Amino acid sequence: MSTIFKKIIDKEIPADIVYEDEHCLAFKDIDPKAPVHILIIPKKEISSMSEVTEGDKELLGHLLLTASQIAKDFGISDSGYRIAINTNNEGGQEVYHLHIHLLGGRQMTWPPG
Ligand code: AMP
């Protein structure tokens with residue numbers, strides 16, 4: 001089933017896009033939980049981490065490398081940041097299109113809620 005993120009990929013609804021290539025898209029979270037809060041998503045429709053397969057290995061690596069580069073671009077690489085992938089119900093996932101949260105610009109706490 002298509003999600004709101006698929007509509008962002010297809011440019012059917014607007015988003016504050018900060019990076020795009022053939023395989024992924026990154027945009028600012030509409031309800032930011034930190035001064036920097038960016039979502040990195042694959043253009044391929046994968047619902048969650050529980051659905052990834054061996055064939056997604058390169059894509060998953062690309063998403064993480066993209067997150068690392070965006071952290072540099074936004075000046076939070078040295079100070080630090082958190083990457084989170086909420087997965088399914090107990091993981092707190094709300095949108096069922098795989099996405100990496102990149103959060104930074106403030107001190108993170110542990111454990112997460
Ligand atoms: P999750 O709970 O991991 O599924 O996170 C979904 C995230 O998507 C939340 O942080 C929302 O604020 C964010 N979100 C939902 N709709 C939009 C949208 N149209 N544009 C940007 N971010 C969105």
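Just so it is clear, the model here is predicted, and its values are computed rather than measured. Both counts, for ligands and for their atoms, begin at 1 and track the order of listing.
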According to the interplanar angle, ranging from 0 to 90°, do the rings of H101 and H37 count as parallel (below 30°), tilted (30 to 60°) or perpendicular (above 60°)?
tilted
Between K43 and D21, does at least one N-O distance fall below 4.0 Å, as a salt bridge requires?
no
Where do K44 and D56 land on the salt bridge (Lys or Arg N to Asp or Glu O under 4.0 Å) test, with the steps shown first?
CA-CA 10 Å; K44 179 180 176 184; D56 296 316; 2.6 Å; yes
Does any N or O of ligand 1 fall below 3.5 Å from an N or O anywhere on H37, backbone included?
no
Tell me which one of V95, L98, D29, D16 gets a heavy atom nearest to atom 7 (C) of ligand 1.
D29
Check each atom of ligand 1 against the heavy atoms of K28 and keep those under 4.0 Å away; list them by number with element.
21 (C)
D31 heavy atoms within 4.0 Å reach ligand 1 at atoms 12 (O)
Please state which option from N86, T87, I100, I30 has its nearest heavy atom closest to atom 15 (C) of ligand 1.
I30
Donor on one side chain, acceptor on other, H99 and N86, under 3.5 Å
no
Measure centre to centre between the rings of Y81 and F74, then say whether the value is under 6.0 Å.
no
Going by the order shown, which atoms of ligand 1 are within less than 4.0 Å of some heavy atom of L39?
8 (O), 13 (C), 22 (N)
Which bit of H99 gets closer than 4.0 Å to ligand 1, counting heavy atoms only: side chain, backbone, both or neither?
side chain
Can you pull out the closest protein heavy atom to atom 8 (O) of ligand 1? Residue, atom name and distance to 0.1 Å, please.
F5 CZ, 3.4 Å
Atom 2 (O) of ligand 1: closest protein heavy atom, distance to 0.1 Å, is G92 O, 3.0 Å
Nearest neighbour in protein (non-hydrogen) for atom 4 (O) of ligand 1
E94 N, 2.7 Å
Compute whether any side-chain donor of one residue and acceptor of the other, for D73 and Q69, lie under 3.5 angstrom apart.
yes
Do ligand 1 and F27 have nitrogen or oxygen atoms that lie under 3.5 Å from each other?
no
